[in-house]
Structure formats: C-alpha cells, structure tokens
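Only this structure's heavy atoms are used, side chains among them; waters, hydrogens and symmetry mates stay out. All figures in this text were calculated on a predicted structure; none of them were measured in a lab.
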Amino acid sequence: APAPASGPAFQIFVTAPGASASGTPAVDQPGASGQQVTAQSTAGTQVLQVQAPSSCIWKVQVTGVG
C-alpha cells in the first residue's frame, strides 16, 4: 500500500514500560521506503511503540551492543 498522502508513514517511539508515545520519535520515516539507524543510550528496560497505518508492512531490526 502506498504511504499516506500526509503525515508520517512510520514512527517508532522508545519509552519506559507503561508510558505513552510522545515527544520526538526515535525513527520517523515519512516515505514509502527507506532506512534509518538511531542509537539509544538510555539504560534499563525500554519499550518500542510502533505507529504505522494498518495497510503498511515494515521491518524493524533491533541490535544490542555488549
């Protein structure tokens, strides 16, 4: 499915468990395709909250260092 005509096509927010997605997303992909790497430095448990239209298919890869 094509990306939405307006607004972001795909966003990922990194939050604490139980928190709502707000502020600046860690990933903000406005188009129908692309890639982005965003380093995160917060220690402890984190939750990824993905927001995308239900008609879109995306792949997310999370890697750790250590």
- Item | Same apolar cluster (I L V M F W Y, side chains within < 4.5 Å links), Val62/Val27 | yes
- Evaluate the criterion side chain to side chain contact (heavy atoms under 4.5 Å, CB included) for residue pair Gln51 and Phe10; output intermediate values, then yes/no. CA-CA 6 Å; Gln51 296 181 352; Phe10 178 79; over 6 Å; no
- Note on the structure: Separation between CD1 (Ile12) and CD (Gln49), nearest 0.5 Å, reads 11.0 Å
- Message: Restricting to non-hydrogen atoms, name the atom on Val14 and the atom on Ala26 that form the minimum distance, rounded to 0.1 Å.
- Response: CG2-CB, 3.7 Å
- For Phe13 against Ser22, the heavy-atom pair lying closest together: CD2-O, 3.6 Å
- Item | Side chains of Thr45 and Pro17 in contact at under 4.5 Å (non-hydrogen atoms) | yes
- Separation of Gln40 CD from Gln46 CD (nearest 0.5 Å): 7.5 Å
